[in-house]
Amino acid sequence: MATLIAGHASAQTALPSPQAKETARALANRGWDHYQNGRYAEALQAFDDAEATVHAPPFLLMIARTHDKFGRLIESRATYRRLVSEELAPGSPRAFVVAKDDAKQELAALEPRIPTLEVTVTGTAQGGVKLVLDGKPITPTTPVELDPGEHRLVAVVPGQRTATKTLRLREGTRDHVLLDLTPPSPAASPPDRASAGSGFRTAVIIGGGFAAGAGAVAGVVFTLVANSKASDKRKQWHQVDVIEGGTVNCAAPAAGNPAQQCEKLNSLVDDRDLFTNLAMASFIGGGVVALGTLGYWIAASSSAPEKAHARVLPFVLPNGGGIVVGGAF
């Protein structure tokens, strides 16, 4: 780097002093040593200090290269462009000309490596959203050039929650992000406990009423069947009673027709007793259910919470007034 500032600096109106040249040269050599050993932070500081002391295109070239090493492609490109656009004075040192030519070639290779990001927003009006990328506002659907690496995108819609997305861009990519900012559907309100309790009580009372009614109906049906069986039993008894002049004992009937008639009589007696018992059980069960339902209805009615209500009453005082709000809530 000893030849970087040989001669004079093209952009300065006055030639730098020999002391300034020596200082800039020492800083540049120090920066080159850091650069060669991968100490890019120290190298960048040294090259910046050298350029601040004496302007020279080789310093700008090394500053652009060091930014590139850090992944700061945007800053590297800006420095390259500054160097490429600089007009060298006639008779400028060869190192200046070489630095400018190198900058043109390296700039052409750098530009395709810069990634871009485009953000499209759906679910809300484009003008109603504010996009902030790395703390700076951006416009939706407009590509933005960025350095490779991690970036933070924030979308703000008035009256809605803020949406945040972390992105990682790679060199040479053209990324497109779609943000859906459709407001979430309102959550269904939880059922009112009082209404739920009232519905449960109503279901129990209605169910109990149906069960009691079913028991009563079944009792009536079984009673009718039992009465029918009793009537058939009486008819059959008359048939048995006329056999052999009424001397047949169905407890120990003789074989033949008396035994068959007695068996039929005994079957009718059993049927009558069965349906009589079923009728009695149905009436008793229906009655128990009815009493239980009635008791539940009375207990539930006495413990039902009072519905919320409010009273607003005005009051007047000599020096003013107001309202009093009261009631059950």
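Not measured: the values here are computed from a predicted model.
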Q.
To the nearest 0.5 Å, what is the distance between NE2 on His176 and CG on Leu117?
A. 8.5 Å
Q.
I'd like to know if the side chain of Ser76 and the backbone of Ala64 have a donor-acceptor N/O pair within less than 3.5 Å.
A. yes
Q: Sequence neighbours left out, what passes side chain to side chain donor-acceptor pair (under 3.5 Å) with Asn277? Give chain and number order.
A: none
**Q.** Side-chain donor/acceptor of Lys100 to backbone N/O of Pro57, under 3.5 Å
**A.** no
(Q) Would you say CZ of Arg174 has more than 12 non-hydrogen atoms from neighbouring residues, nucleotides or ligands within 6.0 angstrom? (A) yes
**Q.** Point-to-point distance, once rounded to the nearest 0.5 Å, from NE2 of His34 to CG of Asn29
**A.** 11.5 Å
Q | Ile63 vs Leu44, side-chain contact (heavy atoms from CB on, under 4.5 Å): CA-CA, chis, key distance, verdict | A | CA-CA 6 Å; Ile63 290 173; Leu44 182 60; 4.0 Å; yes
(Q) On a heavy-atom basis, which atom in Ala50 and which in Ala24 lie closest, and how many Å separate them? (A) CB-O, 3.6 Å
Q | Those residues that, when tested against Glu118, pass salt bridge (charged side-chain N to carboxylate O under 4.0 Å, His left out) (two or more places apart) | A | none
Q: Check Phe96 against Pro58 and note the closest heavy-atom contact, atom names and distance.
A: CD1-CD, 3.6 Å
Q. Distance from Arg77 atom CZ to Tyr80 atom OH, nearest 0.5 Å?
A. 13.0 Å
Q: Please answer: with hydrophobic residues joined when any side-chain heavy atoms are less than 4.5 Å apart, are Leu60 and Leu110 in the same cluster?
A: yes
Q: Considering non-hydrogen atoms only, spot the tightest contact between Pro112 and Ala108 and give its length.
A: CD-O, 3.2 Å
Q.
Using every non-hydrogen atom in the two residues, find where Ala43 and Gly31 come nearest and quote the distance to one decimal.
A. CB-O, 3.5 Å
Q.
Let me confirm one number: the CG-CD1 distance from Leu146 to Ile74, rounded to the nearest 0.5 Å.
A. 6.5 Å
Q.
Once salt bridge (Lys or Arg N to Asp or Glu O under 4.0 Å) is applied, what residue pairs with a partner in residues 40-56 remain, sequence neighbours excluded?
A. Glu51-Arg82
Q: Flag the pair Val119 / Val144 as yes when at least one side-chain heavy-atom distance between them is below 4.5 Å, and no otherwise.
A: no
Q) Does the pair Leu83 and Leu61 meet the rule for a side-chain contact (heavy atoms from CB on, under 4.5 Å), with working shown? A) CA-CA 7 Å; Leu83 177 52; Leu61 179 64; 4.0 Å; yes
Q: Report yes or no: do Trp32 and Phe70 belong to one cluster of Ile/Leu/Val/Met/Phe/Trp/Tyr joined by side chain heavy-atom distances under 4.5 Å?
A: yes
(Q) Please check: side-chain N/O of Asp147 versus main-chain N/O of Leu73, any donor-acceptor pairing under 3.5 Å? (A) yes
**Q.** Results of side-chain contact (heavy atoms from CB on, under 4.5 Å) for Leu224 - residues two or more places apart only
**A.** Val220
Q) About how many Å separate CZ of Arg168 and NE2 of His151, when rounded to the nearest 0.5 Å? A) 9.0 Å
Q: Run the numbers on Asp33 and Arg39 for salt bridge (charged side-chain N to carboxylate O under 4.0 Å, His left out), then give the verdict.
A: CA-CA 9 Å; Asp33 181 65; Arg39 297 187 295 268; 3.2 Å; yes
Q: Please name the pair of heavy atoms, one in Ala28 and one in Phe47, separated by the smallest distance, quoted to 0.1 Å.
A: O-CE2, 3.5 Å
Q.
Applying salt bridge (Lys or Arg N to Asp or Glu O under 4.0 Å) as the test, list every pair that has at least one member in residues 60-76; sequence neighbours left out.
A. Arg65-Asp102, Arg65-Glu106, Asp68-Arg113
Q.
List the residues meeting side-chain contact (heavy atoms from CB on, under 4.5 Å) with Ser17, not counting sequence neighbours, and say none if there are none.
A. Gln19, Ala20
Q | Between CZ on residue Arg152 and CG on residue Leu167, distance to nearest 0.5 Å | A | 11.0 Å
Q) Does Arg81 reach the side chain of Glu111, with side-chain heavy atoms less than 4.5 Å apart? A) yes
Q | Smallest separation among heavy atoms of Tyr40 and Thr66, with atom names | A | O-CG2, 3.4 Å
